[in-house]
Q: 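Below is the structure I would like to discuss, written out as structure tokens.
For the numbers below, each heavy atom of this structure counts, side chains included, while hydrogens, waters and symmetry mates do not.
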Amino acid sequence: MSIFEYNGSALVAMVGKNCFAIASDRRLGVQLQTIATDFQRISKIHDKLFIGLSGLATDSQTLYQRLVFRHKLYQLREERDMKPETFASLVSSMQYEKRFGPYFCQPVIAGLGDDDKPFICTMDAIGAKELAKDFVVAGTASESLYGACESMFKPDMEAEELFETISQALLSSVDRDCLSGWGGHVYVVTPTEVKERILKGRMDKF
């Protein structure tokens, strides 16, 4: 088993019309044993910028703490929030710095940039960026997420339709991966508000 699969994860970010959504599963496991069903993979950097970290849970938490520290330093120095593109470059350089002993994380970054244009990107453990104009995925359920997103995505969706699409894609994908699941956590971000919702998985009734 790869170290990236040790805790299991599913992450997806999707672009809409002047909005974006980012969603993750809620399972924390140790290989096939489930440890928690309310694990948080997505974190807020500021009101228009979110990061999701798939991969090894301990490394994800360490990397997130270092990113918050670096962003606060930037805010103090520049007196403004970081743009999503700038933040993606920061994450990429921090990961490449540690390329000989990397954080075993695959980040997914989503934010609203200038003119509220959505920006999404993901990268590998050493910071090689993958930019997209529709959706990005990461985690152990990434293969089934690609298939679900490819078939469900439409350009220029409004916030409510985007929520429905990303939720259905996530829930149908984690059902095909035994290392992720137990519902989902979805953020839909528009220029004026952030909506956070918890999805119940099909296993929640047991």
Side-chain angles (χ1 to χ4, degrees), residues 1-14 21-45 50-70 87-88 90-110 120-130 132 135-149 166-167 169-187 196 198-204 206:
M1 174 179 269
S2 157
I3 191 71
F4 291 94
E5 296 171 4
Y6 186 72
N7 298 121
S9 53
L11 263 173
V12 55
M14 207 176 264
I22 182 167
S24 77
D25 70 321
R26 305 183 75 213
R27 177 184 182 271
L28 173 69
V30 170
Q31 296 182 5
L32 298 179
Q33 181 185 5
T34 300
I35 304 298
T37 58
D38 59 354
F39 190 67
Q40 182 109 4
R41 291 185 207 289
I42 301 169
S43 308
K44 184 167 99 167
I45 302 299
F50 287 76
I51 184 169
L53 292 161
S54 71
L56 192 65
T58 48
D59 278 7
S60 298
Q61 289 172 335
T62 305
L63 182 59
Y64 170 65
Q65 285 166 358
R66 290 196 64 203
L67 289 168
V68 167
F69 168 70
R70 294 287 286 269
F87 185 72
L90 168 69
V91 178
S92 178
S93 69
M94 280 177 68
Q95 290 204 283
Y96 192 68
E97 236 174 63
K98 293 267 191 270
R99 63 192 175 279
F100 299 116
Y103 294 112
F104 296 112
C105 298
Q106 197 179 346
V108 168
I109 295 157
I120 54 168
C121 100
T122 183
M123 57 194 77
D124 65 8
I126 57 165
K129 278 191 277 191
E130 181 191 326
F135 58 84
V136 290
V137 304
T140 52
S142 59
E143 285 182 20
S144 47
L145 274 164
Y146 269 122
C149 293
I166 200 168
S167 303
L170 180 76
L171 290 176
S172 61
S173 299
V174 297
D175 282 349
R176 289 166 177 79
D177 174 41
C178 61
L179 296 174
S180 58
W182 285 98
H185 202 161
V186 185
Y187 290 89
E196 179 186 0
I198 302 290
L199 308 175
K200 287 208 165 189
R202 292 175 200 175
M203 292 292 290
D204 284 11
F206 294 111

Q: Looking at Glu196, I want to see if its CD is surrounded by more than 12 non-hydrogen atoms of other residues, nucleotides or ligands under 6.0 Å.
A: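 More than 12 heavy atoms, drawn from other residues, nucleotides or ligands, come within 6.0 Å of this atom.
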
Q: Output side-chain donor-acceptor pairs under 3.5 Å for residues 29-39, partner residues at least two apart or in another chain, one line each.
A:
| from | atom 1 | to | atom 2 | distance (Å) |
| --- | --- | --- | --- | --- |
| Thr34 | OG1 | Arg27 | NE | 3.1 |

Q: Report yes or no: is the cationic atom of Arg99 (NZ for Lys, CZ for Arg) under 6.0 Å from the centre of the six-membered ring of Tyr96, at an angle within 45° of the ring normal?
A: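 Verdict for Tyr96: a cation-pi partner in Arg99.
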
Q: Flag the pair Ile42 / Leu11 as yes when at least one side-chain heavy-atom distance between them is below 4.5 Å, and no otherwise.
A: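 Yes. Closest side-chain heavy atoms under 4.5 Å.
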
Q: Rounded at 0.5 Å granularity, tell me how far OG1 in Thr122 sits from CD in Gln106.
A: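 Answer rounded to 0.5 Å: 4.5 Å.
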
Q: What distance do Arg70 atom CZ and Ser93 atom OG have between them, rounded to the nearest 0.5 Å?
A: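 Rounded to the nearest 0.5 Å, the CZ-OG separation comes to 6.0 Å.
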
Q: Taking atom CG of Asn7 and atom OG1 of Thr140, what is their separation to the nearest 0.5 Å?
A: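 Here the interatomic distance stands at 10.0 Å.
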
Q: Between Ile166 and Phe135, is any pair of side-chain heavy atoms under 4.5 Å apart?
A: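 Counting from C-beta outward, Ile166 and Phe135 never come under 4.5 Å.
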
Q: Give a yes or no on whether the backbone of Ser173 and the side-chain of Ser144 come within a donor-acceptor separation of less than 3.5 Å.
A: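 Yes.
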
Q: Walk me through whether Arg66 and Tyr103 qualify under side chain to side chain contact (heavy atoms under 4.5 Å, CB included).
A: CA-CA 12 Å; Arg66 290 196 64 203; Tyr103 294 112; 2.7 Å; yes

Q: Does Ser172 offer a backbone N or O that forms a donor-acceptor pair with the side chain of Arg176 under 3.5 Å?
A: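 Yes, Arg176 side chain to Ser172 backbone: donor-acceptor pair under 3.5 Å.
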
Q: State, yes or no, whether a side-chain contact exists between Glu143 and Asp177 at a heavy-atom distance under 4.5 Å.
A: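 When only atoms from C-beta onward are counted, Asp177 and Glu143 do not touch, as no gap falls below 4.5 Å.
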
Q: Out of curiosity, Leu199 CG to Trp182 CH2, how far, rounded to the nearest 0.5 Å?
A: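 Answer for the CG-CH2 pair, Leu199 versus Trp182, is 15.0 Å.
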
Q: Quick one, Cys149 with Met14, criterion side chain to side chain contact (heavy atoms under 4.5 Å, CB included). Give me CA distance, side-chain angles, the key distance, then yes/no.
A: CA-CA 9 Å; Cys149 293; Met14 207 176 264; 3.6 Å; yes

Q: Enter the distance from Arg41:CZ to His185:NE2 here, rounded to the nearest 0.5 Å.
A: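 Output value for this atom pair is 12.0 Å.
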
Q: Can you list the residues that meet the side chain to side chain contact (heavy atoms under 4.5 Å, CB included) rule with Phe4, with sequence neighbours excluded?
A: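 Counting only residues at least two positions away or on another chain, Phe4 forms a side chain to side chain contact (heavy atoms under 4.5 Å, CB included) with Ser2, Phe104, Ala125.
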
Q: First locate atom CG of Leu170, then atom OG of Ser24, and finally report the distance between them rounded to the nearest 0.5 Å.
A: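 Nearest 0.5 Å value for the CG-OG distance: 7.0 Å.
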
Q: Whether the side chain of Ser92 engages the backbone of Gly127 through a donor-acceptor N/O pair (distance < 3.5 Å, no angle test) should be reported.
A: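 A pair under 3.5 Å: yes.
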
